[in-house]
There are 2 protein chains.
Amino acid sequence: MSQEDMLKLENQVCFALYSCAKEMTKLYQPLLKHLGLTYTQYITMLVLWEHDRLNVKELGGRLFLDSGTMTPLLKKLESNGWITRTRDNQDERSLLIELTEDGAALKDKAKDIPLQLFCRSGLSVEEALALRSRMQEVLCRIQRFQSVAEADLDG
Amino acid sequence: MSQEDMLKLENQVCFALYSCAKEMTKLYQPLLKHLGLTYTQYITMLVLWEHDRLNVKELGGRLFLDSGTMTPLLKKLESNGWITRTRDNQDERSLLIELTEDGAALKDKAKDIPLQLFCRSGLSVEEALALRSRMQEVLCRIQRFQSVAEADLDG
DNA sequence: TATAATTAAATTGTATGCAATTGAAATGCA
DNA sequence: TGCATTTCAATTGCATACAATTTAATTATA
């Protein structure tokens, strides 16, 4: 492919990924509105429903989000009554995030969302599984490159 | 898969897509910094390098971005001297976006970016092509569902 | 132990991103 | 022609995102 062609929008892998991710995220909106959650708040709750009592760093690490994004988001979840934010007695730098009763109970109201979303995606089960694995693998490769790039800066 | 399992973060197709797209976009940052562009500004320039003289709607349509995003972004590109924004004489509602000489010349400085990014992605040519096609196809399917959903609201 | 280095979260500043609304211009149609 | 509808861009309000910096707490080490 020529340098000229490589600059065309339709040939961009990243743009295809970027626009597809945005449009898929929008599919959640009508479903999440019932719960009073945004997409980012929803994935945060997904983590907490699996692993209650994480600190901001652990939570952000799983979601690939930094404290600049997590801090206001968690304050919002707290003000909505889904979580509590308390300093860790063992290490006062850490902030422990824990589900409230309401926050834990919200999981039941969210239980149909994954299937609903799957239907809206128009994917078959096999396609969805393959796509997810592929994305996870590409993400791993990118992270590997990022690590190498950082190591280069150090050396 | 159980309803319980479907709520786990690692089983989310959308989160895999969302996080992968974000991390891949970050790979552009060091490359684009030299040009003084953000990623969103870069993809806007990609469109204009292919099709100069589009209005905001046409430009936003190609990028899947609405006027709320495009307006400030285009004002920024204008203030940086890459584009001009002028009302269309034929239809005063439309705002024509055109490249300046500098904006057109910037294309040459960007010509290596696609290949550089490709190297950083860790993908083979075949993988990249397959991934891009896959994303474009999934995006089409999602858009189809969105259309159906809107038609339902009308009816 | 005193201090340097590190770590966690918060903060600051900038740039998206989108739903909903507004205002101006163009179009449709009675 | 005259008015309702539609269309386009801008605006408003809210919620991310992230780089860079700051603050407070902890750890490493001389």
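This one's a predicted model, so the numbers in the text were calculated from it and none came from an experiment.
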Respond yes when some side-chain nitrogen or oxygen of A/Asn55 is under 4.0 Å from OP1 or OP2 of C/dA9, and no when none is. yes

May I have the distance from A/Gln90 (atom CD) to D/dT27 (atom P), rounded to whole angstrom? 11 Å

Got a list of protein N/O to nucleotides 15-22 of chain D N/O distances below 3.5 Å?
{"from": "D/dA15", "atom 1": "OP1", "to": "A/Lys76", "atom 2": "NZ", "distance (Å)": "3.3"}
{"from": "D/dT16", "atom 1": "OP1", "to": "A/Thr38", "atom 2": "OG1", "distance (Å)": "2.7"}
{"from": "D/dT16", "atom 1": "OP1", "to": "A/Thr40", "atom 2": "OG1", "distance (Å)": "3.4"}
{"from": "D/dT16", "atom 1": "OP2", "to": "A/Gln41", "atom 2": "NE2", "distance (Å)": "2.8"}
{"from": "D/dT16", "atom 1": "O3'", "to": "A/Thr40", "atom 2": "OG1", "distance (Å)": "3.3"}
{"from": "D/dA17", "atom 1": "OP2", "to": "A/Thr40", "atom 2": "OG1", "distance (Å)": "3.2"}
{"from": "D/dA17", "atom 1": "OP2", "to": "B/Tyr18", "atom 2": "OH", "distance (Å)": "2.6"}
{"from": "D/dC18", "atom 1": "OP1", "to": "B/Lys26", "atom 2": "NZ", "distance (Å)": "3.4"}

Closest non-hydrogen atom pair, A/Ile83 against A/Leu74: CD1-O, 3.4 Å

When you measure from the side-chain N and O atoms of A/Arg85 to the phosphate of C/dA10, is any distance below 4.0 Å, counting only OP1 and OP2? yes

Applying side-chain hydrogen bond (donor to acceptor under 3.5 Å, both in side chains) to A/Asp112 and B/Gln3, what does each step give before you reach the verdict? CA-CA 7 Å; A/Asp112 294 330; B/Gln3 253 181 358; 3.0 Å; yes

Electrostatic pair A/Arg62-A/Glu50, nearest N-O below 4.0 angstrom: no

Among D/dA9, D/dA25, C/dA26, the one nearest A/Glu92 by side-chain distance: D/dA25

Rounded to whole Å, please give me the gap between CE in B/Met70 and P in C/dG17. 10 Å

What is the separation between atom CG on B/Asp91 and atom C1' on D/dT6, rounded to the nearest whole Å? 12 Å

Could you state the CG-C1' distance from A/Leu74 to C/dT11, rounded to the nearest angstrom? 15 Å

Considering only NZ, NE, NH1 and NH2 on the basic side and carboxylate oxygens on the acidic side, decide whether B/Arg141 and B/Glu137 come within less than 4.0 Å. yes

Starting from the 5' end of DNA chain C, give me the residue, A/Thr71 or B/Asp88, whose nearest nucleotide shows up first. A/Thr71

So does A/Arg53 pair up with A/Glu98, basic N to acidic O under 4.0 Å? yes

Is any side-chain N of the basic residue among B/Glu92 and B/Arg87 closer than 4.0 Å to the acidic one's carboxylate O? no

4.5 Å side-chain heavy-atom contact, A/Leu37 and A/Tyr28: no

Separation of D/dA9 P from B/Leu54 CG (nearest whole Å): 11 Å

B/Ile83 CD1 to D/dA9 C1', in whole Å, measures 14 Å

A/Leu32 atom CG is separated from C/dA19 atom P, nearest whole Å, by 13 Å

Minimum-distance nucleotide to B/Ser94 side chain [options: C/dT6, D/dA9, C/dA9]: D/dA9

Hey, is the side chain of A/Lys57 poking within less than 4.0 Å of OP1 or OP2 on C/dT6, counting only N and O atoms? no

In whole angstrom, give the distance that lies between atom CG of B/Leu95 and atom P of C/dA25. 13 Å

